Amino acid sequence: MDPPPANEAGAVAGPRDYRNLALIGFMGSGKSTVGQAVAAQLHFEYVDSDRLIETAAGMTIQEVFTRFGESAFRDLEKRVVADLARRRDTVIATGGGLGANPEHLASLKTHALVVCLWASAEVVWERVHHHTHRPLLQVPDPLGRIRELLAQREPVYRQADVLINTGLRQFREVVQQVVIHFHLARAGEQGELRGI
Ligand code: S3P
């Protein structure tokens with residue numbers, strides 16, 4: 001069966017298919033750690049779009065950026081997004097830019113409940129400032145860059161099915177919130193919540 005059509009804003013016409021759960025959000029929002037914990041609770045497979053890109057490219061994300069530039073990385077990201085639609089029972093953690101692309105978000109919505117993990121620029125900076133593997137933050141003013149990118153991306157991140165502010169919650173609570181929203185979405189999909 002063909003997936004329901006998705007429009008540019010990420011809205012999907014007709015009944016949704018929640019066979020997967022996708023986590024989007026900015027760098028440092030906790031997609032990977034939360035995703036692994038959620039996958040363990042749901043007994044789902046866990047994949048990370050950046051790791052899939054690294055496997056396909058045979059090199060790290062940092063190397064892709066350095067050797068071929070950001071646009072080459074975005075091309076690889078596009079291919080991974082298409083492949084993700086073939087998965088089932090999978091928790092998908094996405095790179096920070098993937099879920100900020102309206103077309104990619106629309107694609108994720110054809111097969112997954114999309115949960116955005118939100119964090120303010122200051123919280124993101126606090127979490128990532130000691131990391132060195134994020135090419136987009138290798139600039140003289142990384143906090144300024146985070147603010148700028150976050151502001152640009154926010155309108156698309158907000159199109160997620162569920163938005164969870166991770167700056168206000170403990171890790172365990174974030175995981176619980178994601179799991180609960182997923183169960184509710186699936187129950188609704190099966191009509192169990194009709195009439196409530
Ligand atoms: C990016 C975020 C990174 C990685 C790449 C680009 C972005 O993933 O995909 O460096 O555009 O925000 P994380 O969000 O896992 O750090």
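Whatever order the structure lists ligands and atoms in, that order sets their numbers, starting from 1. None of these values were measured; they are calculated from a predicted model.
- At the shortest separation from atom 12 (O) of ligand 1 among protein heavy atoms lies Arg153 NH1, 2.7 Å.
- Gln152 CD: more than 12 foreign heavy atoms inside a 6.0 Å radius.
- Side-chain contact between Glu122 and Arg147 is present, with heavy atoms from C-beta onward closer than 4.5 Å.
- Here the CG atom belonging to Asp17 is positioned 9.0 Å from the CZ atom belonging to Arg186, to the nearest 0.5 angstrom.
- Counting all heavy atoms, side chain and backbone alike, Val64 lies closest to Met59 at CG2-CG, 3.6 Å.
- Only the side chain of Leu136 comes within contact range of ligand 1, with a heavy atom under 4.0 Å; no backbone atom does.
- Residue, atom and distance of the protein heavy atom nearest to atom 10 (O) of ligand 1 are Pro135 CD, 3.7 Å.
- Atom 2 (C) of ligand 1 has its closest protein heavy atom at Gly96 N, 3.3 Å.
- Residue-to-ligand polar distances keep Glu77 apart from ligand 1: every N/O pair is separated by 3.5 Å or more.
- For atom 16 (O) of ligand 1, the nearest non-hydrogen atom of the protein is Arg134 NE, 2.6 Å.
- The distance criterion of under 3.5 Å between nitrogen or oxygen atoms is not met by Phe65 with respect to ligand 1.
- Phe73 and Phe65 have tilted rings, their planes meeting at an angle from 30° to 60° on a 0 to 90° scale.
- When hydrogens are left out, the protein atom nearest atom 7 (C) of ligand 1 is Gly97 N, 3.3 Å; that is the closest non-hydrogen contact.
- Within the 4.0 Å heavy-atom criterion, the part of Arg74 lying near ligand 1 is the side chain and not the backbone.
- If you check which protein heavy atom lies closest to atom 14 (O) of ligand 1, you get Lys31 NZ, 2.6 Å.
- In this structure, atom 4 (C) of ligand 1 lies nearest to the protein heavy atom Asp50 OD2, 3.2 Å.
- Atom CZ in Arg67 sits 9.5 Å away from atom OG1 in Thr60 (nearest 0.5 Å).
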